[in-house]
S.K.: 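Starting off with a structure, shown below.
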Amino acid sequence: MAEGNSNRPTENGFHKTMGESGEDITWLKMQSQMGYHRIKSQAQQLKQDLRQTVLQELDALVDGFLEDVEQMEGKEGLSNNVSFSELRPRKKREDGELPDKVFMPRSSVLTDLFKIKDVKTIYHIFVAILIVFSLNTLVYDLINEGRLNLNFDLIRYGMGKFSKVMELWMCMNLSTLLVVYPGFYYWSMNRAPGQKIGGYDIAGACCYVLYQLVFLVWPIHYIKENALPPGSSIIVTAEQIRLMMKVHAFVRENITKVLAYKKDDNNQGPLCPDFSKYLYFLFIPTLVYRDTYPRTQSIRWSYVVSNFGQVLACLFYTYYIFERFLVPVFRNFGREHITAKALILSVFGSMLPATLVLVLGFFAILHSWFNAFAEMMTFADRMFYKDWWNSTSFANYYRTWNIVVHDWLYTYIYKDISKLFPQRRSLAMACVFLISAVAHEYVLIMCFKFFYPVLFVMFMGAGFGFIFFKGVGRGWNVFLWLMLIMGNGMLMCLYSLEWYARQRCPENTDNFLDYLIPRSWTCDFEAMES
């Protein structure tokens, strides 16, 4: 009996004998399979534990390394743009909300790229082309007219009535200083701590909305009343939008602190920030308000002058492009019927010049102008854009083209709508696109003095639809650039067509409808000839 039991399966193995029955063999197989599955599950669990432990250790090491690098970057003032801090993924806040904008010392992408010899050569090529454009204009004037024509009529016309622009600019900035801050200070200081939203808060909100409405209508009336030319109108409307966004950012960031303040909250700082913080925020190149920002230790005035010089060079560059490549194409618009053949040739003829104007505008404003003001204001976070030219999707292009505006839309539109409708992020994204499209079209309406929503249709149509096409590889980057080039050519051609038609064709009606009806579609050329 003992000998028979010794041949039974043991915990460590099986001792099979010739006398085992079929039932014993089946039982032994079941035990073998159970042992195999148990060992397999233990191995898988060990694998998961090891993986989790290794990942946690790696995360801790990388986080510590990044913190050390960030400290080194902070001591050195401006960091290299390809900083290790950019490798850190953006984590959601502990309460599940979307991440906040974080400011850190870093320089612009092109600032660091220009330190590379080969990239700097591309910059030198553009400078050489500008010199060639200048010589081309001088030689052309000498041969055709026998004298130098340095009037720069196009610039003088586009930037005309500059004194009126500065007058309105002073008034708009004074209103933000003498109305917004004192009004918010009075409301925050006289609100009872811990009280629920009541009539006092509703009255304050109504005053804020009324101020924004007045600030919206006032420049429109001023531009129309003084008949400001296109360039001056763009300056006024851009400054108007900038100040409206700044005011909203300041109020939106601080109103939550005031509403959440309780009387027994000893850790709460001042409800209304100091006036110096508000004044500093108005002139630094960011639209997201914070009480403190990373700062540089000194101002490099030579760097400021060089950036303003680049802005001026881009202005003349744009002038030469319009004067030599675009105006001759559109000169006869409004004088004769435009055939389909002429329209197609005009679109393709303006694609490259219009794209070059886009690139020049990006470099002049988002790089040179912003860096000049950042340097003067010792503002250390110079990430005004990213490498949008390498984008393989329009979604990434929109996020990286203009970081300054994108951060405002993300912080104060996308996040707030996402809080109201947490399950409908697509609604927040659509609202962001709608607001951006309306703002862009508004600038063009005030610039040209007519309503021709080509940009709005393209922005909300193809521009919005393309964000759902996500790809990787060089082919998608080529596709993005192809769409940008073709889109800019169409915009330049259609708006120029309507502009010249407005200059040369008689009004359709003498009422408001004339601003809405495209005159390039309804111009009676036969009546003009007769």
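Since this is a predicted model, take the numbers as computed values, not measurements. In this chain, residues are counted from 1 in sequence order.
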S.K.: Is the side chain of Lys164 donor-acceptor paired with the backbone N or O of Leu228 at a distance under 3.5 Å, no angle test?
M.R.: no

S.K.: If you take all heavy atoms of Val288 and Tyr293, which pair is closest and at what distance?
M.R.: O-OH, 2.8 Å

S.K.: Could you list all the salt bridge (Lys or Arg N to Asp or Glu O under 4.0 Å) pairs where at least one residue sits in residues 215-240, not counting sequence neighbours?
M.R.: Glu239-Arg242

S.K.: What pairs with Asn390 under side chain to side chain donor-acceptor pair (under 3.5 Å), at least two apart in sequence or on another chain?
M.R.: Asp387

S.K.: Treating Glu375 as the side-chain partner and Val304 as the backbone partner, does any N or O pair qualify as donor plus acceptor under 3.5 Å?
M.R.: no

S.K.: Considering non-hydrogen atoms only, spot the tightest contact between Lys246 and Ile284 and give its length.
M.R.: NZ-O, 2.6 Å

S.K.: For residues 416-442, pull every pair meeting ring pair (Phe, Tyr, Trp, His ring centres under 6.0 Å), keeping only residues two or more places apart or in separate chains.
M.R.: Tyr398-Phe433, Phe433-Phe459, Phe433-Phe464, His440-Phe459

S.K.: Going by the angle between their ring planes, with limits at 30° and 60°, are Phe103 and Phe379 parallel, tilted or perpendicular?
M.R.: perpendicular

S.K.: Is the side chain of Asn477 donor-acceptor paired with the backbone N or O of Thr392 at a distance under 3.5 Å, no angle test?
M.R.: no

S.K.: Please enumerate all residues that pass side chain to side chain donor-acceptor pair (under 3.5 Å) together with Glu498, with sequence neighbours excluded.
M.R.: Arg502, Ser520

S.K.: So which atom in Pro229 and which in Tyr157 form the shortest heavy-atom distance, rounded to 0.1 Å?
M.R.: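 The pair with the smallest heavy-atom distance is CB-O, 3.1 Å.
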
S.K.: What is the ring orientation for Tyr320 with Phe133, classed by angle as parallel under 30°, tilted 30 to 60°, or perpendicular over 60°?
M.R.: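 Tilted: the ring planes of Tyr320 and Phe133 meet at 30° to 60°.
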
S.K.: In terms of ring plane angle, is the pair His367 and Phe363 parallel, tilted or perpendicular, where the classes change at 30° and 60°?
M.R.: parallel

S.K.: So, Glu441 side chain and Phe456 main chain: donor-acceptor pair closer than 3.5 Å or not?
M.R.: yes

S.K.: Side chains of Arg382 and Ser107: do they bring a donor and an acceptor to under 3.5 Å?
M.R.: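 Note: Arg382 and Ser107 side chains miss the donor-acceptor criterion.
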
S.K.: Please say whether more than 12 non-hydrogen atoms of neighbouring residues, nucleotides or ligands are located less than 6.0 Å from CE in Met490.
M.R.: no

S.K.: Would you check if the side chain of Thr237 reaches a backbone N or O of Ile234 as a donor-acceptor pair within less than 3.5 Å?
M.R.: yes

S.K.: With sequence neighbours left out, write down each residue that passes side chain to side chain donor-acceptor pair (under 3.5 Å) with Asn396, or none if nothing qualifies.
M.R.: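 Here the qualifying residues are Ser391.
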
S.K.: A side-chain contact here means heavy atoms from C-beta on lying under 4.5 Å apart; do Leu480 and Phe466 qualify?
M.R.: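 Contact flag for Leu480/Phe466 side chains = no.
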
S.K.: Please answer whether the main-chain N or O of Phe215 pairs with a side-chain N or O of Gln240 as donor and acceptor at a distance below 3.5 Å.
M.R.: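 Here the side-chain-to-backbone pair exists.
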
S.K.: For Phe373 and Trp369, I'd like to know if the aromatic rings sit close, meaning centre-to-centre distance below 6.0 Å.
M.R.: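 For Phe373 and Trp369, the ring centres are under 6.0 Å apart.
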
S.K.: Under 3.5 Å, side chain of Tyr181 to main-chain N/O of Leu279, donor-acceptor pair present?
M.R.: no

S.K.: I'd like to check the side chain to side chain donor-acceptor pair (under 3.5 Å) partners of Arg324; sequence neighbours left out, ordered by chain and number.
M.R.: none

S.K.: Using modelled atom types only, decide if a donor and an acceptor are shared between the side chain of Ser350 and the backbone of Val347 within a distance under 3.5 Å.
M.R.: yes

S.K.: Hey, can you tell me if Trp476 and Phe479 have their rings parallel, tilted or perpendicular (30° and 60° cut-offs)?
M.R.: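 Ring orientation of Trp476 relative to Phe479: perpendicular.
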
S.K.: Hey, can you tell me if Tyr397 and Trp388 have their rings parallel, tilted or perpendicular (30° and 60° cut-offs)?
M.R.: perpendicular

S.K.: Whether the Asn371 and Ser108 side chains hold a donor-acceptor pair (N or O, under 3.5 Å, no angle test) is what I'd like checked.
M.R.: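 Indeed, the side chains of Asn371 and Ser108 share at least one donor-acceptor pair under 3.5 Å.
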
